[in-house]
Amino acid sequence: MLYEVKGRLRAWLHDWAGQRWGPDVADRLPVRYEIRIPEPQWGDLALNVALVWAKAVGEPASALAQAMAEALKTWPEVADVRVAGPGFINIRWDRSTWIRRWVDRLGQPVETAPRFRKVVVEHTAINPNKAAHVGHLRNAVLGDTLVRAWRFLGENVEVQNYIDDTGVQVADVVVGFYYMEGRKTVADLQSVPPPFDHYCWDLYTRVQHWYEEDPQRIRFRNEALHALERGEGPLAELGRWISETILRAHLATMERVGIRYDVLPKESDIIALRFWDHAFELLKQREAAVYATEGPYRGCWILPLRGRPEWDALEEPDKVLVRSNGTVTYVAKDIAYQLWKLGLLGQDFGYRLFHVYPDGHEVYTTTADPTQRPPGRAFGGGDRVYNVIDVRQSYLQQIVVEALRRMGYETAAEASIHFAYEMVALSARSCEKMGIPVESDQKLIAFSGRRGIGVKADDLLDALEAQARCEVQARHPDLPPDEQARVARQIACGAVRYYLLRYGRQTVIAFDIDEALQMEGETGPYLQYAWVRARNIFERLGVWPDWVGYLRATRPADLPEDYWASEEGAATWQLFYQAQHLRDWVWKAVNALELNLITQYVYQLCQQFHRYYLKYRIKQAPDPTLRWLRAAAVGAVVHSLAQGLDILGIPRPDMM
RNA sequence: GCGCCUGUAGCUCAGUCGGAUAGAGCACGAGAUUCCUAAUCUCGGGGUCGGGGGUUCGAGUCCCCCCAGGCGCACCA
């Protein structure tokens with residue numbers, strides 16, 4: 001509701017300016033003024049528009065503010081408008097009107113016009129050669145939360161998880177099984193002690209050491225790599241089985257934290273379908289790729305980047321796409337794939353069903369046979385594409401976008417967004433605990449699959465679940481064990497997701513096991529506990545889940561106007577009003593790609609609710625009117641919290 | 001060398017396109033429960049916002065310089 005009022009206010013201010021200075025002036029006035037929620041003492045809404053516009057029109061800010069304030073007083077939902085400081089306009093809403101209108105509108109869908117035809121979000125993209133670690137989890141949680149936020153805002157979103165099943169990493173594990181361990185058939189792999197992805201975690205680091213012992217052995221990797229690319233022979237067969245098995249393990253791990261996908265495009269199919277050839281033709285046609293006849297890249301096809309200030313600073317700004325030996329570089333493949341995501345390649349994969357989630361949601365994977373098409377489904381072709389990849393890939397991502405630009409796909413370049421975030425590293429303290437040697441001056445140690453340094457996502461979740469289960473058992477000894485386990489899983493999921501989301505994306509997370517296992521204070525369980533408490537109120541009133549019906553049926557004919565001036569009235573209003581801001585924050589978060597804005601908002605709402613809950617009882621309120629007012633505020637929290645927790649992917653337990 | 005990012009309480013971090021008195025959590029100390037209430041709440045100490053200069057009604061936030069740290073800059077993936 002607040003969201004809608006803010007929109008009206010902007011339009012109204014524009015009209016007001018038009019009447020005062022004429023429409024031409026109004027259209028040229030800065031629109032970057034702020035409509036913010038101030039400290040409660042100032043009012044419900046604060047505008048700095050007079051300060052911003054005063055500069056533009058050369059009138060004193062305070063006089064301007066005064067005039068606007070007078071005009072705003074005619075709004076029916078406005079109780080009072082005051083001018084403060086150098087020219088802030090502080091609006092105070094008519095509380096009774098607001099709360100009544102809010103109850104009436106509950107359940108009505110918010111009207112949203114989608115901005116995009118399809119938003120594509122690619123995240124996770126873990127090499128399918130070993131178990132997922134917490135760093136991968138950060139990627140997936142950020143991506144998934146972005147997906148949830150866009151869906152909340154009414155967009156059609158497709159979730160992609162790119163699978164590099166032909167790369168060095170898978171090749172190394174193939175080498176490990178085939179040459180080091182002599183496991184040469186799929187049957188041999190099936191006898192590996194489970195969990196398979198955890199076994200490969202160790203094997204992968206063992207292979208690295210094996211290479212270091214004798215550098216000659218690197219030829220086994222090349223052999224495996226070629227086999228994977230050709231897709232034939234016993235090595236390729238092992239590779240296919242390994243990558244698919246580990247991919248399924250990754251899907252299971254991600255399902256534990258509520259993360260799902262729509263389509264899993266495989267590198268092997270990109271190779272088999274020769275996506276690059278098509279992209280290459282396009283690049284040549286549009287003169288974005290050039291054959292170098294001289295200089296250091298003689299004999300290569302390059303993407304010339306000279307001529308733009310941001311690239312000229314580099315020693316060798318041009319980027320090789322096709323090597324002098326005719327092979328294709330990593331960036332080049334990425335350009336082809338990005339073109340497909342944007343629907344510009346003029347070519348598509350085939351698809352087959354890969355997995356069905358318990359609730360019926362289907363995940364497809366690609367095939368090399370383009371005639372295989374799932375009925376009623378189409379993948380790729382987004383008009384907004386997010387690539388969730390850590391910040392170290394920024395340079396590469398910039399090149400991909402620049403290539404689109406050079407090809408003349410300006411809009412597509414604008415639509416391609418690199419969601420860059422910092423990595424998860426181990427704190428020196430955690431390393432010591434885990435027995436990893438640390439040099440004294442090092443504060444952080446980066447995760448490294450090769451060296452086997454990192455915390456597996458499953459291990460973290462297991463630890464959290466075990467801990468949560470102990471607590472649940474202590475609190476609800478009579479609850480059936482499978483119910484206890486279910487709640488524990490929900491809490492573990494909430495704890496991990498909140499832990500990974502609360503940091504800004506440019507903050508390196510120094511992973512600390514004790515901190516990650518924390519369930520008190522600013523944590524996921526804190527939010528979940530607020531939900532349980534709020535929900536319990538209506539439960540105890542006997543009106544769950546139809547608390548909306550309850551609020552409508554028991555609404556008092558008149559609300560006491562002096563209530564809002566009391567201490568309780570102020571608290572009730574603040575809680576109610578705070579619960580109205582979700583949509584604004586989600587919007588802001590998605591546009592700035594700062595998802596921690598959502599966690600902060602939800603956390604603060606919960607904090608406010610916990611305080612209110614302790615102070616004002618609902619069921620035992622002194623009279624029906626007070627009960628209704630308090631219950632309405634709690635209802636606003638329930639409404640907002642349900643949506644907020646869903647966006648964050650934090651489960652909503654029935655009890656804790 | 002060049003580019004990007006970071007520096008805020010003992011620790012881990014927020015801080016909204018520049019806005020009103022710099023905030024949380026953890027840790028530490030003291031308290032709160034005859035049931036919608038302890039995975040919670042209340043109170044307390046703790047800060048030269050890395051340093052210096054500038055822009056303006058107003059700077060943790062924008063600009064310049066310096067210091068410290070991280071990451072990136074292949075015919076590797």
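Protein chains get the first letters and strands the later ones, always in sequence-line order, with residue 1 at the start of each.
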| How many Å lie between CZ on R505(A) and P on C4(B), as a whole number? | 16 Å

| G25(B) OP1/OP2 closer than 4.0 Å to side-chain N/O of Y499(A) | no

| note | Stems of at least 3 consecutive Watson-Crick or G-U wobble pairs (donor-acceptor distances under 3.5 Å) involving RNA chain B, listed by first number, are B:1-7 with B:67-73, B:10-13 with B:23-26, B:28-32 with B:40-44, B:50-54 with B:62-66

| Residues in salt bridge (Lys or Arg N to Asp or Glu O under 4.0 Å) with R627(A), at least two apart? | none

| request: Check every strand shown and say whether I491(A) touches a base, only sugar-phosphate, or nothing at a heavy-atom separation below 4.0 Å. | output: base

| request: Classify the nucleic acid contact of Y330(A) as base, sugar-phosphate or nothing, counting any heavy atom under 4.0 Å across all strands shown. | output: base

| request: Please check if atom CZ in R10(A) has more than 12 non-hydrogen atoms from other residues, nucleotides or ligands closer than 6.0 Å. | output: yes

| request: Look at the side chain of D172(A) against the base of A77(B) and say whether a donor-acceptor pair falls under 3.5 Å; ignore hydrogens and angles. | output: no

| message | Applying a 4.0 Å non-hydrogen cut-off, can you work out what Q607(A) is touching in the nucleic acid: base, sugar-phosphate, or nothing? | response | sugar-phosphate

| Does the ring centre of F447(A) sit less than 6.0 Å away from the ring centre of H136(A)? | no

| said: Applying a 4.0 Å non-hydrogen cut-off, can you work out what A46(A) is touching in the nucleic acid: base, sugar-phosphate, or nothing? | reply: base

| request: Compare side-chain N and O positions of R611(A) against OP1 and OP2 of U40(B) and report whether any pair is under 4.0 Å apart. | output: no

| task | Describe the nucleic acid contact of Y616(A) in one word from base, sugar-phosphate, nothing, applying a heavy-atom distance below 4.0 Å. | result | base

| said: With the stacking rule set at 5.5 Å and 30°, tell me whether F88(A) counts as stacking on A20(B). | reply: yes

| task | Check every strand shown and say whether R535(A) touches a base, only sugar-phosphate, or nothing at a heavy-atom separation below 4.0 Å. | result | nothing

| request: Among U16(B), U42(B), A39(B), find the nucleotide with the atom closest to the side chain of W585(A). | output: U16(B)

| query | What about R502(A): does its side chain form a donor-acceptor pair under 3.5 Å with the base of A14(B)? | reply | no

| task | Look at the side chain of S324(A) against the base of C75(B) and say whether a donor-acceptor pair falls under 3.5 Å; ignore hydrogens and angles. | result | yes

| task | Would you mind reading off the distance between Y601(A) atom OH and G15(B) atom P, rounded to a whole angstrom? | result | 17 Å

| message | So that I know where these two stand, are W301(A) and F280(A) an aromatic pair - ring centroids less than 6.0 Å apart? | response | yes

| request: Identify, with sequence neighbours excluded, every residue that meets salt bridge (Lys or Arg N to Asp or Glu O under 4.0 Å) alongside D334(A). | output: none

| message | By the 4.0 Å heavy-atom rule, please label N596(A) as base, sugar-phosphate, or nothing. | response | sugar-phosphate

| said: Heavy atoms only, 4.0 Å cut-off, all strands: where does L396(A) land among base, sugar-phosphate and nothing? | reply: base

| said: Between T507(A) and G70(B), is there a contact of a side-chain N or O with OP1 or OP2 at under 4.0 Å? | reply: no

| said: Let's go through R505(A) and E422(A) carefully: what are the C-alpha distance in whole Å and the side-chain angles of both, what is the deciding distance for salt bridge (charged side-chain N to carboxylate O under 4.0 Å, His left out) to 0.1 Å, and is it a yes or a no? | reply: CA-CA 6 Å; R505(A) 64 187 166 107; E422(A) 270 290 356; over 6 Å; no

